[in-house]
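Structure record follows, encoded as C-alpha cells.
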Protein chains: 2
Amino acid sequence: MLMLPLKEAKYNEAFKLRMNIIEKIAQHTEAFSKSERKVAEVILKNPQAAIHCSIATLAKMSDVSEPTVNRFCRRLETKGFPDFKLHLAQSLASGTPFLNRHVGENDGPEEYTNKIFESTMASLEVARQSVDPNAINRGVDLLTQAQNIYFFGLGASASVAHDALNKFIRFNVPVVYFEDILMQRMSCMNCSDKDVVVLISSTGRTKSLVEIAQIARANDATVMGLTSSGSPLAKECSLVLSLDVPEDTDMYMPMASRIAQLMVIDILATGFILRRGNKFRENLKRVKETLRRSRYDKQ
Amino acid sequence: MLMLPLKEAKYNEAFKLRMNIIEKIAQHTEAFSKSERKVAEVILKNPQAAIHCSIATLAKMSDVSEPTVNRFCRRLETKGFPDFKLHLAQSLASGTPFLNRHVGENDGPEEYTNKIFESTMASLEVARQSVDPNAINRGVDLLTQAQNIYFFGLGASASVAHDALNKFIRFNVPVVYFEDILMQRMSCMNCSDKDVVVLISSTGRTKSLVEIAQIARANDATVMGLTSSGSPLAKECSLVLSLDVPEDTDMYMPMASRIAQLMVIDILATGFILRRGNKFRENLKRVKETLRRSRYDKQ
DNA sequence: CACAAAATGTAGTAAAATTACAACCAAACC
DNA sequence: GGTTTGGTTGTAATTTTACTACATTTTGTG
C-alpha cells in the first residue's frame, strides 16, 4: 500500500470533499448502466432543476424507475437521493470557489491576485481542519501559566514570532523575542521551568531551532512547537501545535503556511484573553488607548 | 440618506452577493420566536451537521417540535425543510460559512478556533474584493524598477514589513527594513528618486510613519502605502494599495487586517517574480537551496 | 383576572425514499 | 439451441420523512 505523506493526504481529502459531483457524474459515465446513464443525462442537462425534484419526478423525467435513480445516487458514493441532492446543490453553489489554481506565467494582475487569494483561502480551510482544539487548549493552559514567554522563529517564521510578540506583549506577561540566533540561545540559557518557549518553524527541520529546543528543555522550560508533526523539532517539544498546510511549491516561498501560523497565534492569543476573563479585557483596552497618542486623530 | 463608512458598505455588499442563508439566520434572529431561536442556535453551531439531519432529529436537538422547525424554515422564505437544507448546503458549499461570528466569553477551544478561522476567511473574502489589480500592477511596476526597496511598519504592521523583507530579500534587490523609528528615519534620509519606500499601516494614522513618508518624498523617492484609503498616510503616498478589511473590534488587536496585508505582500512578490520572467525563477530556487544547509534532511 | 393573540406541540395524513423481491435480459456454457 | 449465471431493471410493500389541522399552552393587554 502506498503511503502518502500526511500533508498530501489531508490535502486531497479536504478537496475530495468538495470535489464537484457534477464532474464526477460526467467522468463516471462509463461505469453507469444504461438506465443510470439516462438519469445522468437528465441531471447534467439541467442540474439546477434536478435539485428541486423528488425522486419520483426525476425518475419520470429520465424514464426509469425510482429505485434506479436511487441506485444511481449510491453509485456516486452518496447515502441516497436526498444526500445526492445536497451534494449537487453544493456543487452548483457559487461555481467552484476554493479551487487551488496555480499562478501561471502569463497571468495578469487580476488573475494572479485572485488566484493567490483563492489558494490561500483553500489552504486555510485545510489548515483549519488540521488544527487540534485540544492541543490549542493545552497551549493556552501553558501560556497563561507561564512566567515568561519566548517566541523564536527564523526566516519566514521570524515574522510570525515577531507578530506573536506584538500580540502577547499586550498582556501582562514578560515576552522575549529575538531574531538573532545567538541572542535566542543566550536568552534561553537562563530560562526556568516556569517559562514557555514557543518555537515556530514550518518545516521543523531548522537546525538552530532544534538546538534551542534542546537548550530550553535542559533548563526544564516547556517547549511548544508550532511546526509540522513528526519533524525533528516536533520531537523535542512538550507540546506540538501541528499544522498541515498544502504549500504552493511553485513559488519557492512560504506563503500559506505562514498565514496559517499567524492564525494559530491569533487563536492562542484569543484563548489567552478568554482564560484571563473580562477584567483583563479592560487592560487590553487601556493598551490600545495608549497607542492613540502616537496617532493622528480620526478625521 | 444614511452614509455608511466605506468599510461597512463593502462588507455588507460582499455578504449580499452570496445570498447566504446562514447570514440571514444570524441577522433575522430578532424576528424569530423563542423556539425558533433555539433552532437557529443549533443550526449556527454546526451547520455542516444540520444538513444531514432529518427534521425529526433537528427538532430533538433543538428541543422543539417538528412543526416548529418547519415554521422556522418557512420564515426564512424557503418552501419547507428540504428546501431549506438545499439553501443551507449551498451556503456551506464554499467550505466556510462566511459568517462573521464573534468570539464569545463562554466559547470553548473548538468554538473560538473555528470562529477565528471563519471570521478571518470572511474578512479575506472582503479584502479580496477591495483589492485593485491595477494598483497592484502599478506597485509591481515600481518595485521591479526600484534600486532599493524599503519596508517600514510599526506595531502589528512591523511584522508585516518584516515578512516583506523576508520575501524580497530573495530577489536581487537591496532591501532595507528597520523596526526602530530613528533607523527608519535615518535610512530614509539618504534615499533617492530611484528608491521605493513601502509603508505599512492599517489605520494610516501613525504619526511617525507619516513623517517618514514626508521625508522620503522630500528625497524624491516613490512612496507606496499599504494602508486604508483616505488616511493621512495615504495622502502622502505616490501609490496607495488600499485594503478595506472589517476588523474584529472585540479583541482590541489587529488580526484580519494584518493577514490581508500579508496577502498583498505575497501578491506583490508574485507579480515581481512573474515580471522578472523564468530565468529569475531559477535564481529563487538557488536561494532556497542555500537554506538547505541550515536544515536537517528530510527523513 | 379574563380575554385575545400568538406561539408551540400532538396526532394524524400525505408524500417521499428505500427495501425486498421478482421479472427480465444478455452473455457464457453445456 | 436451451440452460444457467450475473447483472440490470421494475413492482409493490415498507419505512422514513415532512407536512397539516387542530388542540393546548403561553404571552401580553385591558
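Being a predicted model, the structure only gives us computed values, none of them experimental. Letters go in sequence order (proteins before strands), and every chain restarts at 1.
- We find that NZ of A:K79 is positioned 13 Å from P of D:dT16, with the value rounded to whole Å.
- If you check D:dT20, D:dA18, C:dA17 against the side chain of B:K85, the one that comes closest is D:dA18.
- Neither OP1 nor OP2 of D:dA18 sits under 4.0 Å from any side-chain N or O of B:N70.
- Distance, B:F81 CZ to D:dT17 P: 10 Å, rounded to whole Å.
- To the nearest angstrom, P of C:dA15 lies 13 Å from CD of A:E66.
- Of the candidate nucleotides C:dT18, C:dT8, D:dA18, C:dT8 has the atom lying nearest to any side-chain atom of B:S35.
- Note on ring orientation: taking the six-membered ring where Trp is involved, the planes of B:F84 and B:F72 are perpendicular (angle over 60°, cut-offs 30° and 60°).
- Comparing C:dA16, D:dG10, D:dA18 by their closest approach to the side chain of A:S54 singles out C:dA16.
- Separating the CZ atom of A:R75 from the P atom of C:dT18 is a distance of 16 Å, rounded to the nearest angstrom.
- One can place CZ of B:R71 at 10 Å from P of C:dA7, the figure rounded to the nearest angstrom.
- Looking at the side chain of A:S33, the nearest of the listed nucleotides D:dT9, C:dT18, C:dT8 is D:dT9.
- Across all strands, B:V64 comes closer than 4.0 Å only to sugar-phosphate atoms, never to a base (heavy-atom distances).
- Looking at A:E125 and A:R128, a side-chain N of the basic residue comes within less than 4.0 Å of a carboxylate O on the acidic one, giving a salt bridge.
- Of the side-chain N and O atoms in B:K34, none sit less than 4.0 angstrom from OP1 or OP2 of D:dT26.
- Distance check, rounded to the nearest 0.5 Å: CG of A:D266 to OG of B:S119 gives 9.0 Å.
- In this model, a donor atom of one side chain and an acceptor atom of the other lie less than 3.5 Å apart for A:S54 and A:T57.
- When the nucleotides D:dT9, C:dA17, C:dA11 are ranked by their closest atom to the side chain of B:P67, C:dA11 comes out on top.
- At whole-Å resolution of the value, CZ in B:F84 and C1' in D:dT17 are 16 Å apart.
- Residues A:M224 and A:L143 are in side-chain contact: their nearest non-hydrogen atoms beyond the backbone lie under 4.5 Å apart.
- A straight line from CG of A:L86 to P of D:dT17 spans 14 Å, rounded to a whole angstrom.
- Closest contact between the side chain of A:I55 and the listed nucleotides D:dG10, C:dA17, D:dT20 involves C:dA17.
- Residue A:S65 places its side chain closer to D:dG10 than to any other of C:dT8, C:dT18, D:dG10.
- At the heavy-atom level, B:R74 lies under 4.0 Å from the strands shown only through sugar-phosphate atoms.
- If you take CG of B:D83 and P of D:dT17, they are 19 Å apart, rounded to a whole angstrom.
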